[in-house]
Chemist: 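Here it is, the structure, as structure tokens.
Bear in mind the structure is a predicted one, so any value in this text is a computation, not a measurement.
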Amino acid sequence: QVQLVESGGGLVQPGGSLKLSCIVSGGSLDYYAVGWFRQAPGKDYEGVSCISTDGRTISYADSVRGRFTIARDSAKNTVFLQMNNLRPDDTAVYYCAEVVSVRNLIPVYGRWGQGTQVTVSS
């Protein structure tokens, strides 16, 4: 089984930055595309970003494009999400997940991690 563990969340002021990490174990990182999604209280989950197995194809939600950057480091079995210019509406629990397919531009997630809380507030 593939396991994913997120870290790097915390409290940050608007305009600040955080870098999230997702360590993948129990399988080959290169075998799976990986995505980040987030969920705020009372809201549906929202896909944030995805990266293909080789890192050559990347997608972002409109709400984060230009502010967030996804990357993968196979040697470290880790996928990163660099988040810059954070806004209060970025507040959510962020999860990384294996992306097993994409249907109509929407990722289909397999396993995901425990999540890490990101709070953007003054």
Side-chain angles (χ1 to χ4, degrees):
Q1 287 185 311
V2 175
Q3 293 182 302
L4 306 97
V5 179
E6 304 94 334
S7 63
L11 174 64
V12 64
Q13 293 183 330
S17 298
L18 286 172
K19 187 175 183 178
L20 307 183
S21 298
C22 173
I23 300 176
V24 180
S25 62
S28 175
L29 176 63
D30 292 340
Y31 191 77
Y32 295 106
V34 176
W36 290 89
F37 67 91
R38 64 188 182 184
Q39 188 169 35
K43 297 183 178 180
D44 292 334
Y45 76 90
E46 176 189 20
V48 174
S49 183
C50 293
I51 186 167
S52 63
T53 55
D54 61 4
R56 297 180 64 183
T57 302
I58 293 172
S59 64
Y60 296 100
D62 290 342
S63 58
V64 308
R65 186 175 294 109
R67 300 186 298 119
F68 291 11
T69 302
I70 191 171
R72 62 192 299 151
D73 187 336
S74 295
K76 298 180 179 179
N77 296 315
T78 302
V79 176
F80 302 98
L81 184 68
Q82 177 66 51
M83 306 185 296
N84 298 324
N85 194 23
L86 285 161
R87 304 167 179 170
D89 60 2
D90 292 320
T91 296
V93 178
Y94 284 70
Y95 301 87
C96 68
E98 59 176 330
V99 177
V100 297
S101 65
V102 178
R103 298 289 184 268
N104 300 121
L105 304 182
I106 300 174
V108 178
Y109 301 118
R111 300 183 66 85
W112 59 84
Q114 84 290 344
T116 184
Q117 176 72 48
V118 173
T119 302
V120 184
S121 176
S122 298

Chemist: How long is the straight-line distance from CH2 of W112 back to CH2 of W36, given to the nearest 0.5 Å?
Modeler: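 So the CH2 of W36 and the CH2 of W112 are separated by 15.0 Å.
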Chemist: Residues in side-chain contact (heavy atoms from CB on, under 4.5 Å) with N85, at least two apart?
Modeler: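 For N85, the residues satisfying side-chain contact (heavy atoms from CB on, under 4.5 Å) (neighbours in sequence not counted) are R67.
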Chemist: Going by salt bridge (charged side-chain N to carboxylate O under 4.0 Å, His left out), name the pairs with one or both residues in residues 5-27, residues two or more places apart or in two chains.
Modeler: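 Qualifying pairs: none.
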Chemist: What is the distance from atom CG of L11 to atom OG of S122, rounded to the nearest 0.5 Å?
Modeler: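 OG of S122 is found 9.5 Å from CG of L11.
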Chemist: Could you tell me which residues satisfy side-chain contact (heavy atoms from CB on, under 4.5 Å) with V100, sequence neighbours excluded, listed by chain and number?
Modeler: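 V100 satisfies side-chain contact (heavy atoms from CB on, under 4.5 Å) with E98, V108 once adjacent residues are dropped.
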Chemist: Should N77 and S25 count as side-chain neighbours, where that means a heavy-atom distance under 4.5 Å?
Modeler: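 No, every pair of side-chain atoms sits at 4.5 Å or beyond.
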Chemist: Does V12 belong to the same Ile/Leu/Val/Met/Phe/Trp/Tyr cluster as L20, with side-chain heavy atoms less than 4.5 Å apart forming each link?
Modeler: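 Same cluster.
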Chemist: By the disulfide (SG to SG under 2.5 Å) test, which pairs, at least two apart or in different chains, include something from residues 54-121?
Modeler: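 Applying disulfide (SG to SG under 2.5 Å) to every pair that reaches into residues 54-121, excluding sequence neighbours, yields C22-C96.
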Chemist: Please walk me through it: do Y95 and L4 pass side-chain contact (heavy atoms from CB on, under 4.5 Å)?
Modeler: CA-CA 9 Å; Y95 301 87; L4 306 97; over 6 Å; no
Chemist: For S17, give me all partners under side-chain contact (heavy atoms from CB on, under 4.5 Å), at least two apart in sequence or on another chain.
Modeler: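 Q82, N84.
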Chemist: Would you say Y32 ends up clustered with V24 if hydrophobic residues are merged whenever their side chains have heavy atoms under 4.5 Å apart, either directly or through other cluster members?
Modeler: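 Same cluster: V24 reaches Y32 through Ile, Leu, Val, Met, Phe, Trp or Tyr contacts under 4.5 Å.
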Chemist: Please name all residues satisfying salt bridge (Lys or Arg N to Asp or Glu O under 4.0 Å) with R65, sequence neighbours left out, ordered by chain then number.
Modeler: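 Here the qualifying residues are D62.
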Chemist: Please name all residues satisfying ring-ring contact (aromatic ring centres under 6.0 Å, His included) with Y109, sequence neighbours left out, ordered by chain then number.
Modeler: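 Residues passing ring-ring contact (aromatic ring centres under 6.0 Å, His included) with Y109: F37.
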Chemist: What pairs meet the salt bridge (charged side-chain N to carboxylate O under 4.0 Å, His left out) rule with one or both residues in residues 69-86, with sequence neighbours excluded?
Modeler: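 Found none.
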Chemist: State yes or no: do L81 and V2 share one hydrophobic cluster built from I, L, V, M, F, W and Y residues joined by side-chain heavy-atom distances below 4.5 Å, directly or via other members?
Modeler: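 As far as the 4.5 Å side-chain criterion goes, V2 and L81 are connected within one cluster.
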Chemist: Please report the interatomic distance CG(L86) to OG1(T119), rounded to the nearest 0.5 Å.
Modeler: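 Atom-to-atom, L86:CG and T119:OG1 are 10.5 Å apart.
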Chemist: Given 3.5 Å as the limit, does a donor-acceptor pair link the side chain of T91 with the main chain of V120, or not?
Modeler: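 It does hold such a pair.
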Chemist: Suppose we screen for side-chain contact (heavy atoms from CB on, under 4.5 Å). Which residues come up paired with A61, at least two apart in sequence or across chains?
Modeler: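 Per chain and number, A61 pairs via side-chain contact (heavy atoms from CB on, under 4.5 Å) with E46, S63, V64.
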Chemist: Can you hop from L105 to I58 via hydrophobic side chains spaced under 4.5 Å?
Modeler: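 No, no single cluster joins them.
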Chemist: Can you list the residues that meet the disulfide bond (SG atoms under 2.5 Å apart) rule with C50, with sequence neighbours excluded?
Modeler: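 For C50 there are no disulfide bond (SG atoms under 2.5 Å apart) partners, ignoring immediate neighbours.
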Chemist: Looking at CZ of F68 and CG of L18, how far apart are the two atoms once the value is rounded to the nearest 0.5 Å?
Modeler: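 Between F68 CZ and L18 CG, I get 9.0 Å after rounding to 0.5 Å.
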Chemist: Salt bridge (Lys or Arg N to Asp or Glu O under 4.0 Å) with D54: which residues, sequence neighbours excluded?
Modeler: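 Listed in chain order: nothing, the list is empty.
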Chemist: Start with the C-alpha gap between V118 and M83, add the side-chain angles, then the distance that decides, and say whether side-chain contact (heavy atoms from CB on, under 4.5 Å) holds.
Modeler: CA-CA 10 Å; V118 173; M83 306 185 296; 3.8 Å; yes
Chemist: Suppose we screen for side-chain hydrogen bond (donor to acceptor under 3.5 Å, both in side chains). Which residues come up paired with T53, at least two apart in sequence or across chains?
Modeler: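 Partners of T53 by the side-chain hydrogen bond (donor to acceptor under 3.5 Å, both in side chains) criterion come out as none, since no residue qualifies.
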Chemist: To the closest 0.5 Å, what do you measure between CD1 (I70) and OH (Y60)?
Modeler: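 If I round to the nearest 0.5 Å, the distance is 6.5 Å.
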